[in-house]
Amino acid sequence: EKASSEPSPLEAAIGREALERYEAALERLQPADRNAIILRVELACPIAEVAEALDKPSLDAARMAVTRALVRLAAEMSRAHAPPT
């Protein structure tokens, strides 16, 4: 019997939930952070294009902006997923 390449209902639900958390967290970020993530991660733009779009003075500055934005995104996703205290 061949395994299905389709996700199971549980896998689909977990994926959907993660995507919803990602999108909600992305909306809570500052516009510059959101743009950095969308350009680099979602659109897979080369770092030179990210630097130009974000008006960064160097490729390293653009890389750092993307890195910091991703750290903020991860924090937002964790915060939203944490159980209430």
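Worth knowing before you read on, the calculation uses all heavy atoms, side chains too, and leaves out hydrogens, waters and symmetry mates. What you see is a predicted model; the values in this text were computed from it and never measured.
To the nearest 0.5 Å, atom NZ of residue K56 and atom CD1 of residue I47 are 10.5 Å apart. E23 contributes atom CD, which lies 10.0 Å from atom CE of M77 (distance to the nearest 0.5 angstrom). From L43, atom CG reaches atom CD1 of I37 across 12.0 Å, with rounding to the nearest 0.5 Å. Rounding to the nearest 0.5 angstrom, the gap separating the CZ atom in R28 from the CZ atom in R72 is 14.5 Å.
Side chains of L59 and V50 form no contact here, defined as non-hydrogen atoms less than 4.5 Å apart.
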> Stepwise, does the side-chain contact (heavy atoms from CB on, under 4.5 Å) test hold for L29 with E76?
Replying inline: CA-CA 8 Å; L29 295 178; E76 282 296 322; 4.0 Å; yes

> Which is it for L39 and L54 under the side-chain contact (heavy atoms from CB on, under 4.5 Å) test, yes or no, and what are the steps along the way?
Replying inline: CA-CA 9 Å; L39 287 167; L54 299 179; 4.2 Å; yes

> For E42 and L26, what are the C-alpha separation, side-chain angles and deciding distance, and is it a side-chain contact (heavy atoms from CB on, under 4.5 Å)?
Replying inline: CA-CA 12 Å; E42 292 188 21; L26 194 63; 3.7 Å; yes

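For the pair A51 and S58, the tightest heavy-atom approach, listed with the atom from each and the gap, is CB-O, 3.9 Å.
Remark: side-chain polar atoms of R34 are paired, donor with acceptor, to backbone N or O of E27 under 3.5 angstrom. Counting only distance, with no hydrogens or angles, the side chain of N35 and the backbone of P31 share a donor-acceptor pair below 3.5 Å. Using modelled atom types, no side-chain atom of R40 and backbone atom of V66 make a donor-acceptor pair closer than 3.5 Å.
For R16, there are no salt bridge (Lys or Arg N to Asp or Glu O under 4.0 Å) partners at least two apart in sequence or on another chain.
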